[in-house]
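First the structure, in the form of structure tokens, and then the observations on it.
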Amino acid sequence: MDKQYKPRDIEQKIYESWEKHKCFLPKDSASKFSIVLPPPNVTGTLHMGHAFQHTIIDVLVRYHRMLGKSVLWQPGTDHAGIATQLVVENRISNSGINPKTLSREKFIDEVWKWKELSGNSIINQTKRIGSSADWSRNRFTMDDGLSEIVRNIFIELYNNKLIYRGNRLVNWDIKLQTAISDLEVVNEEREDFLYHLEYGVKDSVDKIIVATTRPETFFGDSAVCVNPSDTRHNRLIGKKIILPMINREIPIIGDDIVDMEFGTGCLKITPAHDFNDYKIGKKHNLEFINILNKDGGLNENVAKKYIGRNIHDVREDLLEDLESLGVFKEKVPYKNTVPVGERTGEVIEPLLTNQWFMNMNDLAKDGIRVVKEKKVNFVPEHWEKIYFNWLENIEDWCVSRQIVWGHRIPAWYDIEGNVYVGNDEEDIRIRHNLSDAISLSQDTDVLDTWFSSALWPFSTLDWKKDDAVFQRYFPTNLLVTGFDIIFFWVARMIMMSLKFTKDIPFKKIYIHGLVRDSEGKKMSKSIGNVIDPLDVIEGISLDKLLEKRTSSLINDKHKSNVIKKTKRDFPDGIKEFGADALRFNFCAMASTGRDINFDLKRIEGYRNFCNKIWNASRFILLICKDYQYKEGLNSKDSNIFDKWILYKLDNMVADFKKYTKNYRFDLMANSIYDFVWNEYCDWYLEIAKNNTSETTKNYLIFSIVRIIKICHPIIPFITEDIWKEFYNKGFVTEQMLINSSFPTQIRISKEYDVESRVENIRDIIRKIRKIRAELSIHPKEIVSVKIFINESILVSDVNEHSGLINNMTNIKIEVIDQKEENLDYIDLIDENYTLYLKIKNMIDANEEMAKIDKKITDLASIVNKIDQKLNNKKFIERAPSDIINQNISNKAKIENDILSLRSLRDTLSD
RNA sequence: AGGCGCGUAGCUCAGCUUGGUUAGAGCGCCACCUUGACAUGGUGGAGGUCGUUGGUUCGAGUCCAAUCGUGCCUACCA
């Protein structure tokens, strides 16, 4: 083995060998563990969120696999309708062709071509972080099988009257020219104005002033609304006004929805272009006047000179015209929130269109019920509130999109516009008894991407296709995902599974935080603060990083800033840390919080940890070079440290179990880190150096193998590689670690008080080291130490392990049977023993005495605090006795320490 | 406007569910150490009035109330 661990040399080879040996396929076993991967977009490249999520999943998957279960991790990708279509349109544009000129079929061909070309790149990246998914079952939402399920479910929902077609107001993105979900709309706060428009009232000298943020929609107004109890205006209710330029007469109506305090107290009503006005329009039976074409151009319902102009460009011109007509009087500054398309940045227009909707009422009720009944559990639990809140206020889901990439809606129309829903044209003709003479054309819309995603847990698990697979792995055990798609995805999967499989899709939902940059900002290509997980694994030079980060900036203004920050944060680029370090880091960060700030410094720490394990293994291999390992442990010859490390390992196994159960991967990582480094390497291995007996060798191999196994789910590459060495030496029998079994507890007998005996020895060593360091004794100086002990077991332990103590502290220790009176020694007093160190004339006494005085004062103040408690009558009366005793014994211990320090001080002052 | 998080060491975070040792970890910092697994290392150390105020309690980082700061989500008054 190399002196240093080099992830580059091992990771890819190891992954290939796992695949070659088909290690990711489910084994035969009575108990199962199954999980579906939230399918990433085919457009995507692996980002930190994926890497984090996959790590968490993979830890659990590997753990359960080592428990001998039949583990299925079902992977796949999502076709991501709009996102993918945009990417492909861009590609086509870049090759000099206008994508709009391509036929639907040709365009879809192009998408498939592109999907084959790059759609699988994310899968290859996923493999780099070690995900042990069953790639033989890889699925894509547009696969034939999945598409068939999508169609069938649509048809069934339609036949059940749960899907219907309707003319409704939807969020329209004029750039994409499609409806989008309100979840894809972000509200942006903008400094804007309230525009006051003054209309003359017909057959009256009265004027009425409306306040609006969108003057350009006045072409679509069909009423002006005032509050009936508003004495300024209510007498005008029932009269009419005439809209300027288009000379349309519209009524003044009354409704107490109008806030009298706001603006002018008069509200213009545009039922076809505003969600609130839509409701008012329905209520008062107003005219719905659409003024917009699908591309955002104004239609023939507006004044002639504005026909064809884009609604987002006309405001200034229109205001000028209205001003000259004396209608526009003033504008007042107003902070407004504007709906903006998440993908395009374009202001979203509510638009009346024919769309397909899914009635969500009953589905939502079932979705709420299974979580309320704890059949499905959120981890952490509080996320269920978010889930309930959404489902309780759910509206019908607009499932149609006016794009071409996706599952085409299985509906056909005859020339009269009658709708027929069915599998294909032939199916429809048979079902509805339509002759070939009637020409049918299919709906051009496709389904919202999330429609097929909602079916993912059962559509990928061979629902209605392979009962054995479905029965075995569905429902899945767990879903791991981010809180940002609880609405988009989690809720819909639950509802659709309940509806169609009559079962929940998963028992638990582990919601993880969002990975942010080290300053807590969301990682975004347009901000230029993205860290690519592959760059952390493989490393990247500063130049390349700069290029990456500046190439997709939305705004060139930021460029210099991005360059400056990147240079500051990564002066030498990013070092190569390897997938294992990245994975360990993700586990350590996976606490209950909502945000995860990504800090490269921490990864470096975990890379070092990997190196530590590497070297510990290497050390053991060196020591046990020609050793014949004997399965099983010979406890007769083992010493207290051997027993102690077994005991600690048992705790480790128990911890791991506990932390997988409560999904505290951060505590899991910390507990492993602490044990391996601070107990195993710092103590057990150091101790073992002093005694390389056969028994010890056996314990060394036994213990490191357990550690490698326990660590494997988190850091699979390095552990598998080390395993190979152990396998070659004949120390383990299973050829591959991934197929080995997870350790169970040994439950070592408690006949020896191993922990406290080892703790005593460690304490002696720590005390000596500490005083040596504090008194600045050079490490090479051998110090004579005597120890007087008043506990028999400790006498024998110290005698037995005096060589060890000597080596670990560079002293010469001697156990004496009465207290030492020689003034050349300084003494350290403990409850069970007194240490005498011959270092008096090696040090600067005054300096040391000052240090000791400070420490005595500190300890005295703690004693003081405890005394206050103990002197408090109420404390003695009401506190439980073990707490009181704890305080008493604690006080005694500190007083002992003080005594020891005083005595040390006295010795020094002599 | 409501809802949900967060605020603990220079930085990143545990600890709060179920109140009780001298509040922990990693990184960083300081000193010393080229000790034969590892300098991606070893030994020792410094550093915190737990955002603020009040309350409950014998006892509060932990429970309650208020408040400030901060982040997110949902719904929005044109």
Side-chain angles (χ1 to χ4, degrees), chain A residues 1 3-5 187 194-195 210-214 225 257-259 261-264 266-270 274-277 334 336-337 381-383 385-386 389-390 393 483-484 486-487 513-514 516 518 520 522 575 577 581 588-589 591-599 601-602 604-623 664 666-667 670 673-674 678 681-682 685-686 689 766 769-774 776-780 807-810 858-859 861-863 865-866 869 872-880 882-884 886-887 889-890 893-894:
Chain A
M1 282 171 90
K3 190 170 158 184
Q4 282 180 344
Y5 136 76
N187 289 305
L194 264 185
Y195 301 90
V210 297
T212 177
T213 53
R214 300 209 62 191
C225 190
I257 199 166
V258 178
D259 180 355
E261 307 297 315
F262 188 88
T264 58
C266 303
L267 175 62
K268 79 190 212 22
I269 308 294
T270 325
D274 183 283
F275 286 99
N276 286 315
D277 293 1
Y334 177 64
N336 193 15
T337 47
E381 207 176 351
H382 65 253
W383 288 109
K385 286 187 201 162
I386 308 278
N389 188 271
W390 188 66
N393 298 298
F483 60 81
D484 47 337
I486 290 179
F487 310 138
L514 229 55
R516 299 169 181 280
S518 62
K522 199 168 170 175
K575 279 186 257 176
F577 294 112
M589 293 192 308
S591 65
T592 54
R594 206 179 259 208
D595 298 324
I596 292 156
N597 293 358
F598 194 82
D599 186 4
K601 289 270 174 54
R602 248 179 114 166
E604 185 162 8
Y606 296 124
R607 193 267 322 259
N608 296 352
F609 175 74
C610 290
N611 189 57
K612 194 76 183 173
I613 291 190
W614 179 266
N615 270 289
S617 310
R618 177 166 161 256
F619 170 66
I620 290 168
L621 285 166
L622 285 176
I623 285 190
R664 287 303 302 269
D666 57 331
L667 301 181
N670 283 337
Y673 186 102
D674 180 61
N678 300 327
C681 291
D682 285 355
L685 292 189
E686 291 305 318
K689 282 178 187 171
R766 284 197 202 104
R769 279 176 173 172
K770 191 169 160 176
I771 194 140
R772 285 190 65 129
E774 262 173 16
S776 303
I777 314 287
H778 193 275
K780 291 218 153 155
N807 287 341
M808 290 185 83
T809 54
N810 202 28
D858 290 348
L859 289 177
S861 84
I862 294 164
V863 170
K865 269 190 205 157
I866 298 174
K869 277 194 207 172
N872 185 339
K873 239 177 83 185
K874 283 184 174 170
F875 176 73
I876 300 295
E877 278 169 19
R878 299 190 190 180
D882 55 323
I883 297 295
I884 297 174
Q886 213 172 72
N887 275 280
S889 73
N890 200 22
K893 199 173 155 230
I894 297 168

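Just so we're on the same page: letters track the sequence lines, and every chain starts at 1. All figures in this text were calculated on a predicted structure; none of them were measured in a lab.
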Closest of B/U22, B/A37, B/G44 to the A/Leu685 side chain is B/A37
Quick note, A/Phe487 side chain, CB onward, closest among B/G20, B/C73, B/A78 is B/C73
N or O in side chain of A/Lys689 less than 4.0 angstrom from B/A37 OP1/OP2: yes
Checking B/U22, B/G41, B/G26 against the side chain of A/Asn608 (C-beta onward), the nearest is B/G41
Phosphate-side-chain proximity, A/Tyr673 and B/C27, N/O vs OP1/OP2 below 4.0 Å: yes
- Message: Looking at A/Arg607 and B/U40, is any side-chain donor or acceptor paired with a base atom of the opposite kind under 3.5 Å?
- Response: yes
* Asked: Can you find a donor-acceptor pair, distance only, under 3.5 Å between A/Lys612 side chain and B/C38 base?
  -> yes
Q) When you check the phosphate oxygens OP1 and OP2 of B/G41, does a side-chain N or O of A/Asn615 lie under 4.0 Å from one of them? A) no
Interatomic distance, CG@A/Asp882 vs CG@A/Asn887, rounded to 0.5 Å, equals 10.5 Å
Determine whether a donor-acceptor pair (N or O, by modelled atom type, separation under 3.5 Å) exists between the side chain of A/Asn810 and the backbone of A/Lys780. yes
Picking from B/U22, B/C38, B/A78, the nucleotide nearest the side-chain atoms of A/Ile894 would be B/U22
Ranking B/G44, B/G20, B/G26 by distance to the side chain of A/Lys770, first place goes to B/G44
Could you check whether A/Leu667 gets within reach of a base, just the sugar-phosphate, or nothing at all, counting any heavy atom under 4.0 Å? sugar-phosphate
Side-chain contact check for A/Pro779: nearest option of B/C32, B/G44, B/A37 is B/C32
| query | Has the side chain of A/Gln4 got a donor or acceptor atom sitting under 3.5 Å from an opposite partner on the base of B/A37? | reply | no
Q) With sugar-phosphate meaning primed atoms plus P, OP1 and OP2, does A/Ile386 contact a base, only sugar-phosphate, or nothing at under 4.0 Å between heavy atoms? A) nothing
Does A/Tyr334 make a side-chain N or O approach to OP1 or OP2 of B/A78 shorter than 4.0 Å? yes
Whole-Å distance, A/Ile486 CD1 to B/C72 P, equals 17 Å
Exercise for review: Could you give the distance separating B/U17 and B/U53 at their P atoms, to the nearest angstrom?
Suggested key: 22 Å
*Step through it carefully: locate the ring centre of A/Phe577, locate the ring centre of A/Tyr606, and say whether they are under 6.0 Å apart.*
no
Would you tell me if any nitrogen or oxygen in the side chain of A/Ser591 comes within less than 4.0 Å of OP1 or OP2 on B/A14? yes
TODO: Spell out yes or no: do the side chain of A/Lys3 and the base of B/A37 have one donor N/O and one acceptor N/O closer than 3.5 Å?
DONE: no
* Asked: Expressed as a whole number of Å, how far does the C1' atom of B/U12 sit from that of B/G54?
  -> 32 Å
> Under 4.0 angstrom, heavy atoms only, what part of the nucleic acid is A/Asp674 near: base, sugar-phosphate, or nothing?
Replying inline: nothing
Taking a pair to mean Watson-Crick or G-U wobble geometry with both distances below 3.5 Å, B/A14 pairs with none
Atom NZ of A/Lys874 and atom P of B/U56 are separated, to the nearest Å, by 11 Å
**Message:** With no hydrogens and no angle check, just 3.5 Å: does a side-chain donor-acceptor pair link A/Asn670 and A/Asp674?
**Reply:** no
Picking from B/U21, B/U74, B/A37, the nucleotide nearest the side-chain atoms of A/Ala616 would be B/A37
Next on the checklist: Below the 4.0 Å mark, does B/C73 have OP1 or OP2 next to a side-chain nitrogen or oxygen of A/Asn389?
Outcome noted: no
- OP1 or OP2 of B/G15 under 4.0 Å from side-chain N/O of A/Arg664: yes
Ignoring hydrogens and geometry, is there a side-chain-to-backbone donor-acceptor pair from A/Arg664 to A/Ser591 under 3.5 Å? no
Q) Under 30°, 30 to 60°, or over 60°: which ring-plane class applies to A/Trp383 and A/Phe483, parallel, tilted or perpendicular? A) parallel
Against the side chain of A/Arg516, the closest entry in B/A78, B/G44, B/C72 is B/C72
Pick base, sugar-phosphate or nothing for A/Glu686, based on heavy-atom distances below 4.0 Å to the nucleic acid.
-> base
Need one value for A/Cys610: base, sugar-phosphate or nothing, where a base atom within 4.0 Å counts as base even if backbone is also close, heavy atoms only.
nothing
Next on the checklist: In terms of relative ring orientation, are A/Tyr334 and A/Phe262 parallel, tilted or perpendicular, with 30° and 60° separating the classes?
Outcome noted: perpendicular
By the Watson-Crick or G-U definition, both distances under 3.5 Å, B/G28 is matched with none
The nucleotide from B/A14, B/C38, B/A78 with an atom nearest the side chain of A/Arg618 is B/C38
Handout entry: Inter-nucleotide P distance (B/C64, B/G28), Å rounded
Key = 38 Å
Paired to B/G69 by Watson-Crick or G-U wobble criteria (both distances under 3.5 Å) is B/C6
Scanning all shown strands, the Watson-Crick or wobble mate of B/U49 with both distances under 3.5 Å is none
Quiz item: Okay, side chain of A/Arg516, backbone of A/Phe598: is any donor-acceptor separation there less than 3.5 Å?
Solution: no
Could you check whether A/Asn890 gets within reach of a base, just the sugar-phosphate, or nothing at all, counting any heavy atom under 4.0 Å? base
Out of B/U12, B/G20, B/G5, minimum distance to the side chain of A/Arg602 belongs to B/U12
